[in-house]
**Q** 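Attaching a single structure in C-alpha cells format; questions to follow.
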Amino acid sequence: MFVVVLLGVLALVVGGCVCVVWAERGGPRWVRVVATGTLAAGELLRQSDRSRRRSMSRTGGDGD
C-alpha cells in the first residue's frame with residue numbers, strides 16, 4: 001500500500017512539472033492553473049524547510 005501511495009505522489013509531481021514546462025510554452029488555461037498550483041506548492045515546501053532549519057539551529061539540534 002505504501003508503494004502505491006508513493007507512486008501516486010510521484011505521478012502528481014511529474015505531472016505538475018510537465019504542466020509547468022507546458023505552461024511556459026503557452027499551454028491551455030487548465031495547464032497554467034495546474035502549473036501555478038505546482039509552483040505555489042513548491043514555494044510552500046521551500047518556506048517550511050527554511051523555517052524548520054531555522055528552528056533547529058536555534059535549539060541546537062543537529063538532527064541526531
Side-chain angles (χ1 to χ4, degrees):
M1 183 66 185
F2 184 68
V3 173
V4 173
V5 171
L6 284 178
L7 287 174
V9 170
L10 180 63
L12 287 173
V13 169
V14 170
C17 291
V18 167
C19 285
V20 168
V21 172
W22 192 4
E24 284 291 319
R25 295 174 180 239
R29 182 179 177 91
W30 68 268
V31 171
R32 292 192 299 269
V33 170
V34 172
T36 301
T38 301
L39 293 173
E43 186 61 35
L44 285 173
L45 287 173
R46 276 193 295 273
Q47 287 177 358
S48 69
D49 187 45
R50 286 183 198 140
S51 66
R52 191 187 62 159
R53 286 184 186 177
R54 228 179 281 132
S55 68
M56 285 178 61
S57 66
R58 286 184 193 150
T59 60
D62 57 1
D64 285 328

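Quick caveat, the model's predicted, so the values are computed rather than measured. Counting begins at 1 with the first residue of the sequence.
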**Q** What pairs of residues pass the salt bridge (Lys or Arg N to Asp or Glu O under 4.0 Å) test when at least one of them lies in residues 42-51, not counting sequence neighbours?
**A**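 As it turns out, the salt bridge (Lys or Arg N to Asp or Glu O under 4.0 Å) pairs with a partner in residues 42-51, which skip direct neighbours, are Glu43-Arg46, Asp49-Arg52, Asp49-Arg53.
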**Q** At their closest point, which heavy atom of Ala35 faces which heavy atom of Cys19, and how far apart are they?
**A**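 Of all heavy-atom pairs spanning Ala35 and Cys19, the closest is CB-O, 3.6 Å.
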**Q** Could you work out the complete set of other residues in the hydrophobic cluster of Val20, with links drawn between I, L, V, M, F, W and Y side chains under 4.5 Å apart?
**A**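 Members alongside Val20: Leu39.
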**Q** Among Ile, Leu, Val, Met, Phe, Trp and Tyr joined by side-chain contacts under 4.5 Å, find the other residues sharing a cluster with Met1 and list them by chain and number.
**A**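 The other cluster members (ILVMFWY side chains, heavy atoms under 4.5 Å, direct or chained): none.
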**Q** Per the ring pair (Phe, Tyr, Trp, His ring centres under 6.0 Å) rule, what does the pair list look like for residues 10-52, sequence neighbours excluded?
**A**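 Applying ring pair (Phe, Tyr, Trp, His ring centres under 6.0 Å) to every pair that reaches into residues 10-52, excluding sequence neighbours, yields Trp22-Trp30.
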**Q** Could you list who else is in Val3's hydrophobic cluster, with ILVMFWY side chains joined at under 4.5 Å, directly or through other members?
**A**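 Noted: Val3 shares its cluster with Leu7.
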**Q** According to ring pair (Phe, Tyr, Trp, His ring centres under 6.0 Å), does anything in residues 31-52 pair up with another residue at least two apart or in another chain? List the pairs.
**A**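 Ring pair (Phe, Tyr, Trp, His ring centres under 6.0 Å) check on residues 31-52 returns no pairs.
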